Protein chains: 2
Amino acid sequence: MKPIPTRTVERLFRYGQLLHAKKEAGAEAVFSRELAQAVDVSPEQVRRDLMNFHLKGTPQQGYPVEQLLRKLYEHLETQAATKIALLGVGNLGKAILSYFLRRRPNLSIVAAFDTDPEKAGRVYAGSQVYHISQLEKIAARENITVGVITVPAASAQQSADLLVKAGIRAILNFAPTQLQLPREIYLENIDITLSIEKAAYFSRKSGTDRRHGK
Amino acid sequence: MKPIPTRTVERLFRYGQLLHAKKEAGAEAVFSRELAQAVDVSPEQVRRDLMNFHLKGTPQQGYPVEQLLRKLYEHLETQAATKIALLGVGNLGKAILSYFLRRRPNLSIVAAFDTDPEKAGRVYAGSQVYHISQLEKIAARENITVGVITVPAASAQQSADLLVKAGIRAILNFAPTQLQLPREIYLENIDITLSIEKAAYFSRKSGTDRRHGK
DNA sequence: AGAGCAACGTTAATTGATTCACGTTATTTG
DNA sequence: CAAATAACGTGAATCAATTAACGTTGCTCT
């Protein structure tokens with residue numbers, strides 16, 4: 001299988017959203033133009049993306065929703081259940097726990113961790129909260145592969161190190177710090193403050209129609 | 001003044017973070033290599049970025065921290081206070097209100113809005129909560145230029161329309177929807193679920209060392 | 001059945017961002 | 001004070017991603 005560029009993967013997931021909606025609505029076919037609009041790219045871009053894993057559409061009808069969706073999920077391996085750990089049960093951590101609860105059937109935050117012994121033992125938004133010292137044990141037991149960091153910037157690197165030691169393969173980091181990680185770990189950063197700063201910056205600039213965001 | 005690419009602007013903000021820390025620590029000069037490491041790019045990239053607004057460094061010393069920081073802030077207009085409105089006082093909205101409280105001196109969320117009349121009139125994390133019907137009036141009065149959307153996907157477009165009507169210039173959207181907006185409004189998307197999905201996807205792929213995230 | 005068309009698949013061209021490579025410059029050292 | 005050096009500034013090359021262009025295909029309509 002050929003490696004698909006990161007940007008493309010992102011769009012594929014987004015196509016999936018629309019496809020799902022279309023399927024629910026009973027539509028049998030979808031045009032590149034529709035997918036394009038939903039993700040704010042050109043139709044050519046969509047067709048090119050779908051080319052990546054050879055799925056033929058036809059003129060007049062476009063692509064068969066059912067089939068496309070199946071192939072998409074197959075490639076994105078959305079079937080495989082992924083277990084996630086969240087580190088840092090503060091305001092943001094809690095929000096993500098409740099926000100994310102049952103949002104995707106195959107992704108679940110199975111455990112949350114904090115340094116505060118007060119928080120350990122409790123259950124928040126369906127997730128058991130453990131003391132951070134339990135991370136390695138529980139990650140191994142539950143086969144957790146993804147970690148979410150919502151701790152303060154000062155302890156983010158330390159949290160990341162713990163996650164790596166616990167054998168996770170990917171990290172989603174909300175702390176405003178550049179984490180140093182082994183090359184084989186996938187890192188995705190979400191820096192909310194940075195995003196607000198960018199928005200503020202461009203709000204002052206004249207009509208630049210740039211569209212961004214993970 | 002020449003327009004600076006979005007990607008570059010993002011890095012400039014991040015250089016700012018390190019520079020601020022360096023200044024606090026009393027350092028007078030900084031090398032491109034240091035900035036590069038802090039943001040995980042090459043030193044050449046850093047020098048090229050700084051080229052954009054002609055600030056000369058010297059070999060041996062690198063760039064003068066104080067001066068660079070001043071010029072950076074000047075360009076990024078970090079001085080200008082920006083007022084922000086947040087729509088949707090749910091879990092995520094509340095988390096952002098408290099998370100963001102006094103994080104940046106010149107950016108402040110001056111008002112929060114919700115459709116729930118129960119929430120109106122209360123104060124959350126230093127922000128007054130109003131009913132959504134007050135948006136246009138208050139946005140005008142307070143000169144709010146940036147909107148943050150933390151409402152459910154179903155009402156995100158509606159919220160965006162209201163923000164546009166209220167005269168804001170930039171939107172930070174947390175809802176998993178592609179908003180349709182006039183070209184002159186800057187849009188930045190943060191889709192947490194999508195990011196987790198990406199992390200899950202790449203956690204299954206072999207050692208791709210990609211670094212991403214706004 | 002043939003003409004028209006609307007959307008697909010793909011190659012080619014373009015654009016933009018990043019990296020390379022190298023000449024330049026200001027110290028530091030023998 | 002000349003030589004070495006370490007980092008800067010920048011043109012050129014590379015690389016990746018997007019857009020343009022166009023031949024192909026399979027309906028639809030007369």
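Sequence lines set the chain letters: A, B, ... in the order given, protein chains first and strands last, and positions in each chain run from 1. Here the structure is a predicted model, which means the values were calculated and not measured. All heavy atoms count here, side chains included; hydrogens, waters and symmetry mates do not.
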message: Holding to side-chain contact (heavy atoms from CB on, under 4.5 Å), I want the full list of residues that pass it with Ser127(B), two or more places apart in sequence or in another chain.
response: Leu97(B), Ile109(B)
message: If the condition is side-chain contact (heavy atoms from CB on, under 4.5 Å), which residues does Ala170(B) pass it with, not counting sequence neighbours?
response: Ala199(A), Ser203(A), Val146(B), Tyr186(B)
Donor-acceptor contacts under 3.5 Å from residues 157-164 of chain B side chains, at least two apart:
residue, atom, partner, partner atom, Å
Gln157(B), OE1, Gln180(B), N, 2.9
Gln157(B), NE2, Asp161(B), OD1, 2.9
Gln157(B), NE2, Gln180(B), O, 3.1
Ser159(B), OG, Ser155(B), O, 3.1

Contact list (N/O, under 3.5 angstrom) for nucleotides 12-15 of chain D vs protein:
residue, atom, partner, partner atom, Å
dA12(D), N6, Arg48(B), NH2, 3.4

message: Can you list, in residue-number order, the parts of residues 57-70 of chain B that come under 4.0 Å of DNA chain D, counting heavy atoms only?
response: Gly57(B), Thr58(B), Pro59(B), Gln60(B), Gly62(B), Tyr63(B)
Would you list the atom pairs, donor with acceptor, under 3.5 Å between side chains in residues 48-69 of chain B and any protein atom, with sequence neighbours excluded?
residue, atom, partner, partner atom, Å
Asp49(B), OD1, Arg11(B), NH2, 3.1
Asp49(B), OD2, Arg11(B), NE, 2.6
Asp49(B), OD2, Tyr15(B), OH, 2.7
Asn52(B), ND2, Asp49(B), O, 3.3

field: Counterpart residues, side-chain hydrogen bond (donor to acceptor under 3.5 Å, both in side chains), relative to Glu74(B) (two or more places apart)
entry: none
- line: The side-chain contact (heavy atoms from CB on, under 4.5 Å) partners of Thr177(A) (sequence neighbours excluded) come to Ala153(A), Ala156(A), Ala175(A)
- line: With sequence neighbours left out, the residues meeting salt bridge (Lys or Arg N to Asp or Glu O under 4.0 Å) with Arg104(A) are Glu197(B)
Counterpart residues, ring pair (Phe, Tyr, Trp, His ring centres under 6.0 Å), relative to Tyr99(A) (two or more places apart): none
statement: In numerical order, the residues of residues 16-32 of chain A whose heavy atoms come under 4.0 Å of DNA chain C are Phe31(A), Ser32(A)
- request: Could I get the full list of salt bridge (Lys or Arg N to Asp or Glu O under 4.0 Å) partners for Glu77(A), not counting sequence neighbours?
  value: Lys205(B)
